[in-house]
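Worksheet: the structure to be examined is printed underneath.
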Amino acid sequence: MSHLALQQQSSWQEVLASTITDTAELCRLLDLDLACLPEGHPMLQQFPLRVPTPYLGRMEKGNPFDPLLMQVFPAHAESLEHPGYSADPLQESAANPKPGILHKYEGRALLLVTSSCAIHCRYCFRRHFPYQDNLPGKQHWQESLAYLAEDKSISEVIFSGGDPLSLPDKYLDWFFEELAKIPHIHRIRLHTRLPIMIPQRITSALCQLLANPRFQTILVLHSNHAQEFDQEVDRACESLRKAGIVLLNQSVLLKGINDSCEALKALSERLFQAGILPYYLHLLDRVSGAAHFEVSEEKARALVAALQKSLSGYLVPKLVRENPGESSKTPIG
Ligand SMILES: *Cc1c(COP(=O)(O)O)cnc(C)c1O
Ligand code: SF4
C-alpha cells in the first residue's frame, strides 16, 4: 500500500485525509470479497464507513474475521431490528443540562467537544446521538462553561464526543485556557481512540498542551485487541507518558473480536507493555444495529473470573455496564 509507506513523513491531518470511506476499496486493499450493506443504505448514510490507514495497515490481509476489520465493517446484520435495542440506549438526552454537556455522575462533567471520529466503530453507542443539536459554537460554549463554573462539586472535566483529539490543537488549547479559569477544576480527562488509530496525532506540540501544569491530565484510550498496537502506537504512548499524562484504557467486550480469555489476556499485557493500565471492560450498550456484537453477562463474568486467575490484579479491567439513570457505571461480577 503506497500511502502507508508515505505515512512516516505525513502530518496527522494528511493521514486523516487518507481515511478509507469506501467499502469496495477496503475490500480491495485487504484482498477480500465481502458482502456488505449496499451503497446508499440508510445505515451507511447515517454512520458511514471510516477506517484510518494506519489501523488498516494492522489488519491481516485475506482474513474476513480479522478482529480489527470486524470493528469497522458495516455488516448486513446491522440492519436487523432487535427488541431491547434502541437509538438512545443510555437515555442521555435526559442528562443534557446545557448544549454539549452530559452531567450524570457526581464530580465529573462530560463535554461533547466534537462529533467527529477518525474511525467509525460499528458498535458505537453514539452512532445515533443528535450531535447537531449538541455542538455549540464558541459563544454557546460560554453558557456551558458558566454551568461548570457555578457547580463547585465538579472537579474533573471529561472531553468526549466523537473523539476530542480529532480537534485541531487550537480548539483544545481554547478549552484548556477557559477551564483553567475555573478554580475547582483540577483534572482533565480525554476519552480518545486517536493515539491508536493515528499515532501521528501525538505530536510534541500536543504533548506540551496536554501537560499543562494547571491540571492533572488523563487519557483514557480505547483499544479492544492486542493487534491494534505496533511500534508507532508504542512511541505515541511513550511521548504521552514522558509528558506526565496518565494512560488508561477502556475496551468493549465484543463477540467474535475479544470474547475469549486469550484475547483479553493478550490485550491487558500489550496495554501494559505500552505503559497503559486497563480500566474498564464495558458490556455492549444496546444500540440499534449492534446486537450481533453482544456477549452475554454470564459469559462476561466467566471471562473476567478466568482473567483474574491468570493475570496480575492490576491487569484485570473492571467489568461494567452503563445503565440509564444510575449514579455510576454498574459493576458486574
Ligand atoms: C462514563 C461516564 C463518566 C465517567 O465515569 P467514570 O466511572 O469516572 O470513568 C462521566 N460522565 C458520563 C456521562 C459518563 O458516561
Ligand atoms: S472512536 Fe469512540 S466515539 Fe468514535 S465511533 Fe469509535 S467508539 Fe464511537
Side-chain angles (χ1 to χ4, degrees), residues 16 19 21 46-52 55 68 70-74 78 88-98 100-129 131 134 148 151 153-167 187-198 201 216 218-225 228 246 248-254 257-258 277-285 287 289-290 293 317-332:
L16 186 63
T19 294
T21 53
Q46 189 180 29
F47 197 59
L49 176 87
R50 249 181 110 65
V51 190
Y55 192 66
L68 279 54
M70 286 174 73
Q71 294 179 51
V72 295
F73 191 75
E78 286 189 22
D88 182 16
L90 305 178
Q91 294 164 27
E92 286 192 327
S93 329
N96 209 192
K98 293 276 181 250
I101 295 195
L102 291 176
H103 188 195
K104 291 206 289 197
Y105 304 152
E106 199 177 313
R108 293 145 286 173
L110 192 146
L111 297 188
L112 301 168
V113 294
T114 173
S115 62
S116 54
C117 285
I119 180 172
H120 280 172
C121 316
R122 304 315 299 180
Y123 53 83
C124 181
F125 73 100
R126 296 212 189 279
R127 57 187 289 164
H128 308 283
F129 195 77
Y131 283 113
N134 257 295
L148 297 175
D151 188 340
S153 72
I154 298 171
S155 55
E156 177 167 343
V157 171
I158 302 170
F159 290 9
S160 184
D163 196 313
L165 290 187
S166 63
L167 286 178
R187 292 184 301 282
I188 294 184
R189 185 194 325 177
L190 292 93
H191 284 179
T192 176
R193 277 204 101 172
L194 258 158
I196 289 164
M197 296 303 132
I198 304 181
R201 176 67 187 96
Q216 281 183 295
I218 305 114
L219 241 64
V220 180
L221 307 178
H222 171 181
S223 171
N224 298 317
H225 199 279
E228 292 177 11
V246 174
L248 304 173
N249 182 68
Q250 53 184 344
S251 309
V252 182
L253 188 57
L254 299 164
I257 294 173
N258 60 10
L277 279 173
Y279 179 37
Y280 280 143
L281 177 61
H282 293 269
L283 288 172
L284 188 76
D285 295 311
V287 60
F293 289 118
K318 284 185 251 192
L319 180 64
V320 290
R321 182 192 287 289
E322 194 161 338
N323 289 321
E326 292 199 10
S327 55
S328 73
K329 312 268 187 255
T330 310
I332 309 288

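Atoms within a ligand are numbered from 1 in the order they appear, just like the ligands themselves. These figures come from a predicted structure and were not determined experimentally.
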*Return yes when atom CD of Glu326 has more than 12 non-hydrogen atoms of other residues, nucleotides or ligands closer than 6.0 Å, and no otherwise.*
yes
_For atom 13 (C) of ligand 1, what is the closest protein heavy atom, and at what distance to 0.1 Å?_
Lys104 CE, 3.6 Å
*Ligand-side contact atoms (ligand 1) for residue partner Ile158, heavy atom cut-off under 4.0 Å*: 3 (C), 4 (C), 10 (C)
*Below 2.8 Å, any N, O or S contact between Cys121 and atom 8 (Fe) of ligand 2?*
no
*asked:* Determine whether Lys329 and Glu322 satisfy the following criterion, salt bridge (charged side-chain N to carboxylate O under 4.0 Å, His left out), listing intermediate values before the conclusion.
replied: CA-CA 5 Å; Lys329 312 268 187 255; Glu322 194 161 338; 3.1 Å; yes
*Any idea which part of Cys117 is under 4.0 Å from ligand 2, heavy-atom wise: side chain, backbone, both or neither?*
side chain
*What do we get for Glu322 next to ligand 1 when only non-hydrogen atoms under 4.0 Å count, side chain, backbone, both or neither?*
side chain
*Under 4.0 Å from a heavy atom of Arg108: give me the atoms of ligand 1 that qualify, with their elements.*
5 (O), 6 (P), 7 (O), 8 (O)
*Which distance, rounded to the nearest 0.5 Å, do you find between the CG of Leu248 and the OH of Tyr280?*
10.0 Å
*For ligand 2, note which part of His222 has a heavy atom under 4.0 Å away: side chain, backbone, both or neither.*
side chain
_Below 30° counts as parallel, above 60° as perpendicular, anything between as tilted: where do the rings of Phe47 and His120 land?_
parallel
*With heavy atoms of Tyr280 as the reference, note each atom of ligand 1 found under 4.0 Å away.*
6 (P), 7 (O), 9 (O)
*Is it true that a side-chain atom of Asn96 and a backbone atom of Leu102 form a donor plus acceptor pair closer than 3.5 Å?*
no
*asked:* Using a 4.0 Å heavy-atom cut-off, which part of Val220 comes near ligand 1: side chain, backbone, both, or neither?
replied: neither
*Does a side chain donor of either Thr330 or Asn323 reach within less than 3.5 Å of an acceptor in the other side chain?*
yes
*asked:* Is a donor from one side chain sitting under 3.5 angstrom from an acceptor on the other, for Gln250 and His282?
replied: yes
*So, is Tyr105 polar-close to ligand 1, with some N/O to N/O distance under 3.5 Å?*
no
*Counting each atom of ligand 1 from 1 as listed, which ones have a heavy atom of Tyr279 under 4.0 Å away?*
6 (P), 7 (O), 8 (O), 9 (O)
*Polar contact flag, side-chain donor to acceptor under 3.5 angstrom, His191-Arg189*: yes
*Among all protein non-hydrogen atoms, which one is nearest to atom 12 (C) of ligand 1, and what is the separation to 0.1 Å?*
Leu110 CD1, 3.5 Å
*If only atom types and distance count, is the side chain of Arg201 paired as donor or acceptor with the main-chain N or O of Leu165 below 3.5 Å?*
yes
*For Arg189 and ligand 1, answer yes if some heavy atom of the residue is under 4.0 Å from a ligand atom, otherwise no.*
yes
*Who's the nearest protein heavy-atom neighbour of atom 14 (C) of ligand 1, and how far?*
Lys329 NZ, 3.1 Å
